[in-house]
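Reviewing the structure listed below.
Numbered from 1 within each chain, the chains take letters A, B, ... in sequence-line order.
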2 protein chains.
Amino acid sequence: MSTLHVVSPFPRSNHSHARCQASALACAERTCAERGSRLTALRRRVLELVWRSHEPIKAYEILDRLHNKPRRAAPPTVYRALDFLRREGFVHKIESMNAYMGCGAPGHTGAAQFLICRLCGMAAEIADAGVSLRLGKRARELDFTVDAQTTEIHGLCAGCRPARRKRGQT
Amino acid sequence: MSTLHVVSPFPRSNHSHARCQASALACAERTCAERGSRLTALRRRVLELVWRSHEPIKAYEILDRLHNKPRRAAPPTVYRALDFLRREGFVHKIESMNAYMGCGAPGHTGAAQFLICRLCGMAAEIADAGVSLRLGKRARELDFTVDAQTTEIHGLCAGCRPARRKRGQT
DNA sequence: GAATGCAATGTTATAGTATAACATCAAGCA
DNA sequence: TGCTTGATGTTATACTATAACATTGCATTC
Ligand SMILES: [Zn+2]
Ligand SMILES: [Zn+2]
Ligand SMILES: [Zn+2]
Ligand SMILES: [Zn+2]
């Protein structure tokens, strides 16, 4: 019926994360330039930290890694940058973890869903139109007007699941 | 295709919440008796507070309403009771609000979804098998093993939406 | 009944998450 | 230049949750 769009996959072993991160930053630069919104040095730095890996990052971990010279930055610094990045669609909040992750396809239409591995801590983002359409339909049946959907799935990613015999393997 | 099961609806104007609350408590009593788990006075009181309305409640609001004689109870008191009630399936946590609400059908199989009104603050719980099956299928395609699903939809309930002409109305 | 074991609760302290409120700074513009 | 506005700095505090250890109360066993 509808397509599974993987916005941000679990990285494969041959994944070049340096490029992955660079391309996310470049995309943000480009988008902000188009929109006239200001990706300042601080905001860029925070986005860089969010994209340090595919593992959602906590606000206070960002804070610790900012180390603004004499003393550590204060919480509002980070939360304001995150607010901006979320408004612009570059960052998602994972509600069930109080953590933040980069969006693999800023500007993608429709709601996103997240798969979060309890072992390695990495998360993947998908945008399954079927899921969000169906939720929308259910809401409509209850006469409910949808503003935003949050879907977070916890479990085990392929890499972390104890190896199992697969067809075609010895 | 699959059925929309409304576990806990937005209450209608003729809703008798006293009965609604009493029945939830009775159900918990019965279930605990069957299981041999202990619904102590404290735990029962917390469940009662969770069911005070259809609006998810914050842990510290429960705390404030417990007023254990000389001084107010301490946080662990409430969090431990909530942990018990969640383990037993009587209470759900709404992750996007850090709030808790009673389950309208303890023991229901499959994942639940929540609709939360940004105006009145009330929440409804549904258990749409289609949504959770579809999410499960998507996860499987990515070789991801699902432990738990969280789906929370924010928006406007029927009662809070500005009135609109409907078919058949003057 | 005393001794024991165990789950529940009490108590104190602290960790972790987020925002309010106001001060300062820097860039663009009248 | 002086003004406006948005970004950042700074301090304080609110809100959410858990760690760690003490105490209580009830059931089991001797
Ligand atoms: Zn990557
Ligand atoms: Zn993993
Ligand atoms: Zn009710
Ligand atoms: Zn409402």
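Taking side-chain N and O atoms only, A:Lys58 has no distance below 4.0 Å to OP1 or OP2 of C:dG16. OP1 or OP2 of D:dT16 has not a single side-chain nitrogen or oxygen of A:Asn98 nearer than 4.0 Å. Applying the 4.0 Å criterion to OP1 and OP2 of C:dT9, one finds that B:Thr40 has a side-chain N or O inside that range. Between A:Lys93 and C:dA18, a side-chain N or O to OP1/OP2 separation shorter than 4.0 Å is present. When the side-chain nitrogen and oxygen atoms of A:Tyr79 are compared with OP1 and OP2 of C:dA18, one or more of them lie within a distance under 4.0 Å. A sub-4.0 Å separation between OP1 or OP2 of C:dT9 and a side-chain N or O of B:Thr77 is absent.
Distance, B:Arg72 CZ to C:dT11 C1': 14 Å, rounded to whole Å. Note: OH (B:Tyr60) to C1' (D:dT13) measures 14 Å, nearest angstrom. The separation between A:Asp64 atom CG and C:dG16 atom C1' is 11 Å, rounded to whole Å. In this structure, OH of B:Tyr100 is placed 12 Å from C1' of D:dC15, rounded to the nearest angstrom. Atom CG in A:Leu42 sits roughly 15 Å away from atom C1' in D:dT10 (whole-Å rounding). With rounding to whole Å, B:Met97 atom CE is found 16 Å from C:dA18 atom C1'. In this structure, CG of B:Asp83 is placed 12 Å from P of C:dA8, rounded to the nearest angstrom. Atom-to-atom, CG of A:Leu66 to P of D:dT8 comes out at 11 Å; the value is rounded to the nearest Å.
Ring geometry for B:His54 versus B:Trp51: interplanar angle over 60°, hence perpendicular rather than tilted (30 to 60°).
Closest to the side chain of A:Ala59, out of D:dG6, D:dT16, C:dA18, is C:dA18. The nucleotide whose nearest atom lies closest to any side-chain atom of A:Arg80 is, among D:dG9, C:dA18, D:dT16, D:dG9. Counting only heavy atoms from C-beta on, A:Pro75 has its side chain closest to C:dA18 among C:dG10, C:dT12, C:dA18. Closest to the side chain of B:Pro76, from the set D:dG9, D:dA17, C:dT12, is C:dT12. Comparing D:dT10, C:dA7, C:dT11 by their nearest atom to the side chain of B:Ala74 picks out C:dT11.
Across all their heavy atoms, B:Tyr100 and B:Arg86 have their closest contact at CE2-NH1, 4.0 Å.
Using a 4.5 Å heavy-atom cutoff, the side chains of B:Arg38 and B:Cys32 are not in contact.
The closest side-chain donor-acceptor pair between B:Gln149 and A:His154, if any, does not fall under 3.5 angstrom.
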Would you be so kind as to tabulate the donor-acceptor pairs closer than 3.5 Å made by side chains of residues 113-121 of chain B, with sequence neighbours excluded?
residue	atom	partner	partner atom	Å
B:Gln113	OE1	B:Asp128	N	2.8
B:Arg118	NH1	A:Asp147	OD1	3.1
B:Arg118	NH1	A:Asp147	OD2	2.2

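Nucleic acid contact for A:Arg43: sugar-phosphate only, since backbone atoms but no base atoms lie under 4.0 Å from a heavy atom of the residue.
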